[in-house]
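Everything below concerns the one structure shown next.
We count ligands from 1, going down the list as the structure has it; atoms in each ligand are counted the same way.
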Amino acid sequence: MTGKFITFEGIDGVGKTTQIKLVAQHLTESGQQVVITREPGGTAIAEKVRSIVLDPTLQLSVRTEALLFMASRSEHVEQIIKPALLAGKTVLCDRFCDSTFVYQGLTHGLKVEDLADLKALNLQATGGILPDLTIVLDADPEQLLQRRNERGIADRFENKGLAFQENLRQGFLALAAAEPERIKVVNALGSVEEVSEKILSIIIRNV
Ligand code: T5A
């Protein structure tokens, strides 16, 4: 694989989509071929899975949730991510495996050292394709409330409240502490431009 795979993670509404667009613009201007994609989603089948896992009217067990995210990921890697990396493109992905480790693992009582089963499942889903670099956008969930409220309708995960978001935040920070080479934490509370500058300097130094 000659392309680079960069993922963006963090709690709901922390600014991933906004920042990915700016990174894509910068990399494209510097001559790279860039693919923007997201999870759950990215392919027709994965988008259908997305509509199930995010539906606030459905109750799913955590195991079912994890398997649905993995099925969606398998399609996504095979159809979008792997071909792009083989073609030398830079793939910017809004959420990937670390979201599963946090949402379906660490927030359900697991510790980082208990993630072996989920990691093995993830390896099957991805065929071994893992991010070269992961940016975790970090912010106090209470300070993001206004941004989130301005957006209106919440999905199944956003409906779970501030304590849940704080739990998620601690989960992402724990993953970053365990894998400091791959996962870099960026304070997401500055202006869009300030946050973007920090992300770009990390990408330039690490990819
Ligand atoms: N999930 C996902 C799992 O449980 N397991 C998994 O394995 C995977 C892959 C996905 C949900 O699925 C769960 C996690 C999620 O709950 P989603 O709709 O894709 O759902 O949700 P998010 O990934 O959280 O995406 P969001 O669109 O909700 O948030 P973003 O992309 O982080 O934030 P963004 O960029 O849309 O910004 C939100 C608002 O803030 C403003 C933006 O303009 C926007 O209005 N904003 C700023 N305002 C001020 N200053 C800044 N610096 C700002 N940056 C952005």
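A heavy-atom separation below 4.0 Å is not found between Gln19 and ligand 1. Contact between Arg50 and ligand 1 is present, with at least one heavy atom of the residue lying under 4.0 Å from the ligand.
We find that Asp98 and Arg182 are joined by a salt bridge, their nearest charged nitrogen and carboxylate oxygen being less than 4.0 Å apart. With respect to Lys16 and Glu9, no salt bridge is recorded, no charged nitrogen being found less than 4.0 Å from a carboxylate O. Residues Asp114 and Lys119 are not paired through a salt bridge, judged by the lack of any N-O separation under 4.0 Å between the basic side chain and the carboxylate. By the 4.0 Å N-to-carboxylate-O rule, Lys48 lies too far from Glu75 to be salt-bridged with it.
Remark: ligand 1 atoms within the under-4.0 Å shell around heavy atoms of Thr18 are 34 (P), 35 (O), 37 (O), 42 (C), 55 (C). Listed by number with element, the atoms of ligand 1 under 4.0 Å from a non-hydrogen atom of Gly190 are 50 (N), 51 (C), 52 (N). The ligand atoms of ligand 1 that sit less than 4.0 angstrom from a heavy atom of Ser191 are 52 (N).
Heavy atoms from other residues, nucleotides or ligands lying under 6.0 Å from CD of Glu166 number more than 12.
One option in His76, Glu9, Gln104 has a heavy atom closer to atom 5 (N) of ligand 1 than any other, and that option is Gln104. Among Lys16, Glu193, Glu39, the residue whose heavy atom lies closest to atom 32 (O) of ligand 1 is Lys16.
Checked by atom type and distance alone, the side chain of Arg50 never pairs as donor or acceptor with a backbone atom of Gly41 at under 3.5 Å.
Of all the heavy atoms of Cys97, none lies under 4.0 Å from any atom of ligand 1, so neither backbone nor side chain is involved. The part of Arg73 lying near ligand 1 is the side chain, judged by heavy-atom distances below 4.0 Å. Proximity of Leu54 to ligand 1, defined as any heavy-atom pair under 4.0 Å, is confined to the side chain (atoms from C-beta onward).
Looking at Arg95 next to ligand 1, an N or O pair under 3.5 Å apart turns up. Between Ile11 and ligand 1, no N or O atom pair is found at a separation short of 3.5 Å. By the 3.5 Å distance cut-off applied to N or O atoms, Gly15 is counted among the residues near ligand 1.
Aromatic ring centres of Phe96 and Phe5 lie closer together than 6.0 Å.
Here the closest heavy-atom approach between residue Pro180 and residue Ala177 is recorded as CD-O, 3.5 Å.
Considering only heavy atoms from C-beta on, Asn122 comes within 4.5 Å of Arg73 through its side chain.
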